[in-house]
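Data block below; observations after.
Each ligand, and each atom within it, is numbered from 1 in the order the structure gives.
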Amino acid sequence: MFENKKVLTGVKPTGTPHLGNYLGAIKPAITLGKQALAAGGKHYMFIADYHAINAEKDPDILREKLKEIACIYLAGGLDPSQSVFYRQSDIAEIPEITTILYAYTPKGFMNKAHAYKAAVDKNRAAGKPDDDGINMGLYTYPTLMAADILAYDTDIVPVGKDQVQHVEIARDIAGIINAHYNRPLLTLPEYSIDDNVAVVPGIDGRKMSKSYGNVIPLFEDDKAIKKAIFSIKTDSRPPEEPKNPDEILVYEIYKAVATPEQLREMGDGLCEGKLGYGQIKNMLLDAVVNEIREKRETYRYYMTHYDEVEGMLEDGAAKARPVARATLKRLKDAVFGR
Ligand code: ADP
Ligand code: TRP
């Protein structure tokens, strides 16, 4: 699938990542990047800090979130000597490319973009004017994202379902430009959705999400993780009562971290009435801690040696910039007839 392909992943530095983010987005992105590299392709991995400023205006928070996300990717095994790892805001060519794309982007594309529509719907539900609190950054979000993608001749963009439309918009904009100049100036990107990545439920049974406050923390100490796991919703049935594992929330969360043998052991134990809720919560805790123990050490190392990370991001930008610059030149030459 990835033979000689350029794969690009972007992540917004918003919110402290939780176990659901890690298992559902961060870990799969690192794995896909490694697969692309192993297949002779390229992997670009960047932190979308320009996208973050639409919603967050506090520089201290922006700096801390960026730091956390950079350290989490490194802790999760991203290898910056193999993947091109950089900050969006270090590549001045991206806003320049965005400006050119605007001239070819139908306004209707922005009107129908999910992020904007969701913000309008929220305003309507609250009885506020449609565009209340909506800035131009949010409105034109998909054009900046298109520049992120098109700048590097990206073939494949791994995304969650919510980002599919944005990649389609990037592809459509590239198609419009190529058709106008009657040559393949821009590579048409495709999205890829990993069907094996499941949505991890939170401790109340809804999707684990920072906005629901139902998360299992990622790199906090064992005590904090234990506290979250022991507050997972259960009922009052006694341990000896046989239970259908698929109705048990702890088991659903366990699916995201357990090996097939571990999962079978918990499933059988529940069916046979041999495991109580306290026991299965301890099994989940062990599996979670086992998954993150080493990564947490690496995370803490990078958080306290952030100058090293800063250096890696600068090296990454130095690798990314010439590629974006070449795309910008190609565009300017075509657009201005140079
Ligand atoms: P949150 O819902 O906590 O605000 P975001 O919307 O910021 O999380 O999601 C960031 C990334 O993490 C997205 O790619 C999203 O698909 C993924 N993600 C978020 N929550 C989960 C979850 N519970 N299970 C799997 N993946 C998730
Ligand atoms: N919009 C993405 C998100 O909210 C982040 C992002 C910005 C991105 N630019 C991108 C993702 C380019 C992939 C490619 O998660």
Examine the side chains of Asn54 and Tyr139 and answer whether a donor and an acceptor come within less than 3.5 Å of each other.
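No, because no side-chain N or O of Asn54 sits under 3.5 Å from a partner of the opposite role on Tyr139.
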
Using distance alone, with no hydrogens and no angle criterion, decide if Tyr116 and Asp121 have a side-chain donor and acceptor under 3.5 Å apart.
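No - no donor-acceptor pair under 3.5 Å links their side chains.
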
Once the angle between the rings of Tyr86 and Tyr44 is folded into 0 to 90°, is it parallel (under 30°), tilted (30 to 60°) or perpendicular (over 60°)?
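If you compare the ring of Tyr86 with that of Tyr44, the planes turn out perpendicular.
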
Check ligand 1 for close polar pairs with the protein: N or O on both sides, less than 3.5 Å.
| unit_1 | atom_1 | unit_2 | atom_2 | d |
| --- | --- | --- | --- | --- |
| ligand 1 | 2 (O) | Lys207 | NZ | 3.0 |
| ligand 1 | 2 (O) | Ser209 | OG | 2.8 |
| ligand 1 | 3 (O) | His18 | NE2 | 2.7 |
| ligand 1 | 3 (O) | Lys210 | N | 2.7 |
| ligand 1 | 4 (O) | Lys210 | NZ | 2.6 |
| ligand 1 | 7 (O) | Lys210 | NZ | 3.0 |
| ligand 1 | 8 (O) | Asn21 | ND2 | 3.2 |
| ligand 1 | 12 (O) | Asn21 | ND2 | 3.1 |
| ligand 1 | 20 (N) | Lys207 | NZ | 3.0 |
| ligand 1 | 20 (N) | Met208 | O | 3.2 |
| ligand 1 | 23 (N) | Val200 | O | 2.8 |
| ligand 1 | 23 (N) | Met208 | N | 3.3 |
| ligand 1 | 23 (N) | Met208 | O | 2.9 |
| ligand 1 | 24 (N) | Val200 | N | 2.8 |
| ligand 1 | 26 (N) | Gly20 | O | 3.3 |

Considering only NZ, NE, NH1 and NH2 on the basic side and carboxylate oxygens on the acidic side, decide whether [X] and [Y] come within less than 4.0 Å.
| X | Y | result |
| --- | --- | --- |
| Arg296 | Asp222 | yes |
| Asp333 | Lys329 | yes |
| Arg171 | Glu168 | no |

Would you say the side-chain atoms of Thr259 pair up with the backbone N or O of Gln262, donor to acceptor, closer than 3.5 Å?
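The answer is yes, because a donor-acceptor pair under 3.5 Å joins these two groups.
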
side-chain hydrogen bond (donor to acceptor under 3.5 Å, both in side chains) between Lys65 and Thr14: does it pass, once the steps are laid out?
CA-CA 6 Å; Lys65 297 298 169 206; Thr14 48; over 6 Å; no

Using ring centroids (six-membered ring only for Trp), state whether Tyr141 and His166 fall under 6.0 Å.
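Centroid separation for His166 and Tyr141: below 6.0 Å.
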
N/O contact list for ligand 2, threshold under 3.5 Å:
| unit_1 | atom_1 | unit_2 | atom_2 | d |
| --- | --- | --- | --- | --- |
| ligand 2 | 1 (N) | Tyr141 | OH | 2.6 |
| ligand 2 | 1 (N) | Gln163 | OE1 | 2.9 |
| ligand 2 | 4 (O) | Tyr141 | OH | 2.9 |
| ligand 2 | 4 (O) | Gln163 | NE2 | 3.3 |
| ligand 2 | 9 (N) | Asp148 | OD2 | 2.7 |

